[in-house]
Amino acid sequence: MMDAFASLLSQEKTPVDRLFFALGLDHVHCFAAWEYARAAGNPAFAVDKCTSDIGNTGISEFKPNLRNSETETTLKELVVYWRAELASMGLKDYSEEVAVLRRIKSMTERIRVQNEWR
């Protein structure tokens with residue numbers, strides 16, 4: 001999962017790149033917690049460890065960079081999608097989680113384009 005995440009990261013440090021990093025890092029962290037919990041036979045461990053603090057901070061830091069209503073709408077879609085995926089984290093396998101990371105990356109790139117084009 002970390003390899004998939006690393007392959008999607010940009011070397012740039014723009015606000016959109018930091019947003020993807022925060023959301024993706026939270027996603028990878030929760031996936032690792034669920035995998036450990038499955039191996040240990042203790043699903044409650046994953047629920048305790050799967051938080052969205054990093055992602056929520058990334059969202060809060062990105063909001064001042066919004067330049068138009070389309071970008072705000074897309075950010076809201078992204079946040080709803082990301083939170084829904086975190087909520088259903090323990091129900092999927094590795095390949096599905098990689099697809100989620102790709103979708104989050106796609107949505108953050110959509111935000112980048114909408115934010116740059118006025």
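What's counted below: heavy atoms across the whole structure, side chains too, no hydrogens, waters or symmetry copies.
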>> Between Val100 and Phe31, is the side chain to side chain contact (heavy atoms under 4.5 Å, CB included) condition met? List the steps.
In response: CA-CA 11 Å; Val100 169; Phe31 177 78; over 6 Å; no

> So which of Glu109, Arg103, Arg102 actually passes side chain to side chain contact (heavy atoms under 4.5 Å, CB included) with Lys105?
Replying inline: Glu109

> About how many Å separate CG of Leu75 and CZ of Arg110, when rounded to the nearest 0.5 Å?
Replying inline: 11.0 Å

> Rounded to the nearest 0.5 Å, how far apart are OG1 of Thr74 and CD of Glu72?
Replying inline: 10.0 Å

> Can you list the residues that meet the side chain to side chain donor-acceptor pair (under 3.5 Å) rule with Asn42, with sequence neighbours excluded?
Replying inline: none

>> Which residues pass the side chain to side chain contact (heavy atoms under 4.5 Å, CB included) test with Glu61, not counting sequence neighbours?
In response: Thr57

> Can you check whether Asn56 reaches Arg83 side chain to side chain, under 4.5 Å on heavy atoms?
Replying inline: yes

Side-chain donor/acceptor pairs under 3.5 Å, residues 15-26, sequence neighbours excluded:
| from | atom 1 | to | atom 2 | distance (Å) |
| --- | --- | --- | --- | --- |
| Asp17 | OD1 | Arg112 | NH2 | 2.5 |
| Asp17 | OD2 | Thr14 | N | 3.3 |
| Asp17 | OD2 | Thr14 | OG1 | 2.7 |
| Arg18 | NH1 | Lys13 | O | 2.4 |
| Asp26 | OD2 | Gly55 | N | 2.8 |

>> I need the Glu85 CD to Tyr81 OH distance, nearest 0.5 Å.
In response: 4.0 Å

>> Here's a test for you: under side chain to side chain contact (heavy atoms under 4.5 Å, CB included), which of Ile111, Leu78, Thr108 qualifies with Phe62?
In response: Ile111

> How long is the span from the OH atom in Tyr94 to the CD atom in Glu97, to the nearest 0.5 Å?
Replying inline: 10.5 Å

